[in-house]
Amino acid sequence: MRTFSQEIIEIIREIPAGKVCSYGAIAARAGNPRAARQVVRVLRACSETEGLPWWRVVNARGTISLKPGQGFEEQRDRLRAEGVMFDAAGRIDLAEHRWQPDWMEE
DNA sequence: AACCTGACTTCGG
DNA sequence: TCCGAAGCCAGGT
C-alpha cells in the first residue's frame, strides 16, 4: 500500500510553477487535514532526493516558514523567479497564487 | 509499544 | 492583526 507520506510526495509534485500550497492543504488532500506537520517531515526528509518543488510549499498565512539563513532566501528567490510576488510584509497574494483554491471549499 | 520530531494550525487574549 | 499556548500527526528510533 501507499503510505500517507508517499501521497504527500506525489501531491507536491503536482504543484505547478507560479503557484503555492500550504502544508495543511497538502495534508488535507493526502487524506488528513490535521497532518500538516507530516508534510514538514516529508520535505525535510526527501525534498532533495525526491527532487520535489519544495519551494512551492508555504504556511497557511501565505508566508515562508523557513528562517533567514536557513533557506528563507532561496525559497523566496525561487518563487520570485516563477512570478510570485510578495507584499511589504512578506506575504504572498494567495487569492492569486494559491494552487487549486477549490480544494478546501466545503 | 512508547517517545521524539517539527519548514504547521488553530484559538484566545 | 500580532503573539503565545496548546493541539495534532505519521514515521523513524
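By convention in this document, chain letters (A, B, ...) are assigned in the order of the sequence lines, proteins followed by strands, and residues within each chain are numbered from 1.
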By nearest-nucleotide position on DNA chain C, the 5'-leaning member of A:R37 and A:R41 is A:R37
Would you please say whether a donor-acceptor pair under 3.5 Å links the side chains of A:N59 and A:S22?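 On atom types as modelled, these side chains do not qualify, holding no pair under 3.5 Å.
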[N] [atom2] sits how many Å from [X] [atom1], rounded?
X     : N     : atom1 : atom2 : result
A:L43 : B:dT5 : CG    : P     : 19 Å
A:R91 : C:dT1 : CZ    : P     : 7 Å
A:K67 : B:dC8 : NZ    : P     : 9 Å

Among [options], the nucleotide that comes nearest once only the side chain of [X] is considered:
X     : options              : value
A:N59 : B:dA7, C:dA10, B:dC8 : B:dC8
A:V40 : B:dA7, C:dC2, C:dG12 : B:dA7
A:F4  : B:dA7, B:dC8, C:dA10 : C:dA10
A:A60 : C:dG7, B:dT9, B:dA7  : B:dT9
A:R44 : C:dC2, B:dA7, C:dG12 : B:dA7
A:S22 : B:dG6, B:dT9, C:dC2  : B:dT9

Scan A:R34 against the nucleic acid and name what it touches under 4.0 Å (heavy atoms): base, sugar-phosphate only, or nothing.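 Counting heavy atoms under 4.0 Å across all strands, the contact made by A:R34 is with sugar-phosphate only.
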Measuring only the P atom in each nucleotide, how far is B:dC11 from C:dC9? A whole number of Å is fine.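 Pairwise P distance, B:dC11 against C:dC9, rounds to 14 Å.
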B:dG12 and C:dC8, which share atom name P, separated by this distance in whole Å: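 Roughly 13 Å separates the two P atoms.
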Is there a side-chain polar atom (N or O) of A:N32 under 4.0 Å from OP1 or OP2 of C:dA10?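 It does, given that an N or O in the side chain of A:N32 lies less than 4.0 Å from OP1 or OP2 of C:dA10.
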With respect to the phosphate group of C:dG11, does any side-chain polar atom (N or O) of A:T3 fall under 4.0 Å of OP1 or OP2? yes
Applying the side-chain contact (heavy atoms from CB on, under 4.5 Å) criterion to A:R56, which one of A:E14, A:K19, A:E82, A:Q75 satisfies it?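 The passing option is A:E82.
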Donor-acceptor pair, side chain of A:H97 and main chain of A:I92, under 3.5 angstrom: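 Pair absent, no side-chain N/O of A:H97 close to backbone of A:I92.
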So, the side chain of A:E73 versus the backbone of A:G69: is there a donor-acceptor pair under 3.5 Å, distance only?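 Checked: pair present.
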